[in-house]
Colleague: 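What follows is a single structure, and I will ask about it in a moment.
We're numbering straight along the sequence, starting at 1.
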Amino acid sequence: MPTLIVDGIEVTVPVGATVLQACEAAGKEIPRFCYHERLSIAGNCRMCLVEIAPGPPKVQASCAMPAADKQIITTNSAKVKKAREGVMEFLLINHPLDCPICDQGGECDLQDQAMAYGRGTTRYDENKRAVTEKYMGPLVKTVMTRCIHCTRCVRFAEEVAGVEEIGAIGRGEGMQITTYLEHAAKSEMHANIIDLCPVGALTSKPYAFEARSWELKTTASIDVMDAVGSNIAVASRGNEVMRVLPRLNEDINEEWISNKTRFAIDGLTKRRLDKPYVRKNGKLVEASWNEAFATIKEALTGVSGNEIAAIAGDLADMETMIALKDLLGALGSTRVDAREDAAAFDAKSRASYIFNSTIAGIEKADLCLLVGTNPRLEAAIINTRLRKSVRKHGLKVINLGPVSDLTYPVTQLGTDISILKGIANGSHPFAEQLKTAKNPIIILGTAALARADGGHILAAARSIADKYAMVKDGFNGFNVLQTSASRVGALDIGFATDGAIPAILSDAAAGKLKVVFNYGADNIDSAALNNAFTIYIGTHGDAGVKSAAVILPSAAYTEKSATYVNTEGRAQQTQKAVFPVGDAREDWTIIRALSGVLGKTLPYDDVHALRISNIVKATPAWSAFGESGDISSGPVVLSITDYYQTNVVARASETMAECSRVGRGDPQLMAAE
């Protein structure tokens, strides 16, 4: 490894490191605009100049210079200072200097570095260049006159998002950054270019002119728009969530988040349930909490335990599911479930329903078999990690299921899921590739398990993992890609008993169930609950409220401290950034208060007592799971077809609705733009 001296400090760096990285290892701050740790080196901005000896007498761009043994680096000489001032002067020649009205103000690299490394005055008094604005869709606002051609956005789109939608046209002073034919960018990840842009050329369109960074309170939290559990920072002003930004977590989302994670937040204020409601004479009318609880108590009078059930939806947190399960137990019922799609998970074996290799572990694999899943729509962050592994580690991806553009090369085995049988018994040609792979993995989609033969598919996938040595010391290549933030946690605590949600709905429609607790299950046919007394606990007036006899308003994920377990089995907690709207209450406290009214008081008075007694980290044991039987021929019908309309928050979001229309190519919308 090369050893260098940086401003008199000796430092040793890995082979292949750049001079800029060596300077950072020595604790020196090097200004930069185009360089980014996760993108390829462009060397465009020339701001990272340093003196290098031995070498040419002129200053060098440290981001593009490989670190070599016995180099002597000077970062603070008069020559370096003058060169950086000159570069900054050139960068600002055409910049409009409209900081007071720029949304990047207060968080702008150009602002900060002009103060730290600029001359303080300009000698340029000619006319400035102006650039027409570009249309990049509903999420990204452009002021391209501010652009300094760092090409971070171009490199992100090509290298990380995997969609060549953004590029440069023209040369020299006429160069402009734009989308292809100025159409909307359609990647599920492209809004990360807002964070990457070091100037105010690319900013958030929904957030434009809404707030300044110094007005906001930031709360570290967790995203629940999918099962990835991306780490986020929720920025709020007063009692309103203003924006969501990514937090660094190398094991999960690195420093990226998906568009839905970032922009679905306007759905937190739309169609919200802010008061209890009771159905009287066929109509829902506002009620007090006492009146709502009294109505529930009356409905439960004389009802036996086997006539009560509870279901939970995609955004249900673990604390509330524990409390709800305990309440039903006190009422004599064990019938609870959170599998809205009736997927054939084996709740007795944790390894059968989590992403065992972990998200970061994808980078250890050399061969990946996708079965009945589209990770680009179901877990955009995991799809990005797959692309990274394809580009940097040579991962080969094979797909068995519907043909999809996954942003990286994929070999298609076919759409008939019964091909899995041939792979399991070794008769399919693909079996040879699995035999020679060092670290093969399989990623099984929940849509495959939601078929009538889902248990047989699960067993076949497990036999493939055994047969081709996917499970070994320190590594387990058997993965299930969940699509719901609540699903793994529900299975961990046993909120999945005999008879999945479709069976509960069927019994409710037949009159076998008298009372059903619906905790935010909105992706079901709620009409089946019309014959039962349905108690809906949730945040939005979505599909679930149509059958509700009583509505109890609860808190959204930004309004409570709650535990969610992501698809890889990692327990994480959201944190309260704002208070619940109106008379809404934190979800588990509603169940606790109701238990007291019903005379079945639950044995915990605060959330910490509830967690201590119930939430434990389960160890994924590799044991037999699935059901023996034949796999029927036919394709898998994917569970997600519209990425932007997957849950109640996203469906209430006007921004997500607009993204959905753009994604479908709505001609009216495109004409308006």
Side-chain angles (χ1 to χ4, degrees), residues 273 276 287-313 315-338 347 486 489-497 504 513-521 532-539 548-557 559-565 571 573-574 576 580 583-618:
L273 300 172
S288 66
W289 279 100
N290 288 337
E291 185 180 353
F293 285 167
T295 304
I296 295 171
K297 182 178 181 180
E298 182 182 349
L300 284 168
T301 302
V303 178
S304 61
N306 59 6
E307 295 176 315
I308 305 172
I311 57 179
L315 305 185
D317 63 74
M318 285 186 73
E319 288 84 355
T320 309
M321 287 190 286
I322 290 168
L324 186 55
K325 182 185 175 189
D326 289 351
L327 176 60
L328 258 71
L331 294 172
S333 173
T334 59
R335 200 161 185 192
V336 295
D337 206 276
S486 66
L491 293 166
D492 279 352
I493 63 171
F495 203 91
T497 51
I504 292 175
L513 290 174
K514 303 297 184 185
V515 177
V516 175
F517 288 83
N518 180 351
Y519 174 33
F533 185 90
T534 304
I535 302 150
Y536 181 82
I537 305 166
T539 59
V550 175
I551 295 175
L552 305 178
S554 64
Y557 68 103
E559 301 163 358
K560 60 186 175 183
S561 174
T563 305
Y564 291 87
V565 182
Q573 287 179 358
T574 62
K576 181 188 287 188
D583 290 336
R585 296 292 182 266
E586 291 193 31
D587 310 40
W588 78 270
T589 64
I590 296 173
I591 305 299
R592 172 62 178 77
L594 178 60
S595 71
V597 172
L598 298 177
K600 306 289 184 181
T601 304
L602 297 177
Y604 28 78
D605 295 323
D606 60 61
V607 71
H608 301 292
L610 187 156
R611 288 172 180 159
I612 290 169
S613 61
N614 291 282
I615 297 179
V616 296
K617 187 175 181 181

Colleague: Phe533 and side-chain contact (heavy atoms from CB on, under 4.5 Å): which partner among Val516, Ile308, Val515?
Modeller: Val515
Colleague: Let's go through Ser561 and Val607 carefully: what are the C-alpha distance in whole Å and the side-chain angles of both, what is the deciding distance for side-chain contact (heavy atoms from CB on, under 4.5 Å) to 0.1 Å, and is it a yes or a no?
Modeller: CA-CA 9 Å; Ser561 174; Val607 71; 5.8 Å; no
Colleague: Report the C-alpha distance between Arg592 and Asp605 in whole Å, list the side-chain angles of each, state the deciding distance to 0.1 Å, and finish with yes or no for salt bridge (charged side-chain N to carboxylate O under 4.0 Å, His left out).
Modeller: CA-CA 8 Å; Arg592 172 62 178 77; Asp605 295 323; 2.6 Å; yes
Colleague: For a quick check under 3.5 Å, do Asn306 and Ser304 share a side-chain donor-acceptor pair by atom type?
Modeller: yes
Colleague: From Tyr604 OH over to Asp326 CG, what is the distance, rounded to the nearest 0.5 angstrom?
Modeller: 3.5 Å
Colleague: Just verifying a value: how many Å separate Asp337 CG and Phe495 CZ, rounded to the nearest 0.5 Å?
Modeller: 8.0 Å
Colleague: Any sub-3.5 Å donor-acceptor pair from Tyr564's side-chain atoms to Leu315's backbone N or O?
Modeller: yes
Colleague: Measure the spacing between OH of Tyr536 and CD1 of Ile551 and express it to the nearest 0.5 Å.
Modeller: 8.0 Å
Colleague: Would you mind reporting whether Asp317 and Tyr557 have side-chain heavy atoms less than 4.5 Å apart?
Modeller: no
Colleague: State the CG-CG distance between Asp583 and Leu273, to the nearest 0.5 angstrom.
Modeller: 12.0 Å
Colleague: If you measure from CD on Glu586 to CD on Glu319, what distance do you get to the nearest 0.5 Å?
Modeller: 9.5 Å
Colleague: Please report the closest heavy-atom contact between Pro276 and Ala292, naming both atoms and the distance.
Modeller: CB-CB, 4.1 Å
Colleague: Just jot down the side chain to side chain donor-acceptor pair (under 3.5 Å) partners of Thr534, sequence neighbours excluded, or say none.
Modeller: none
Colleague: For the residue pair Leu552 and Trp289, establish whether any side-chain heavy-atom pair is separated by less than 4.5 Å.
Modeller: yes
Colleague: Any donor and acceptor pair, going by atom type alone, linking the side chain of Thr574 with main-chain N or O of Lys560 inside 3.5 Å?
Modeller: yes
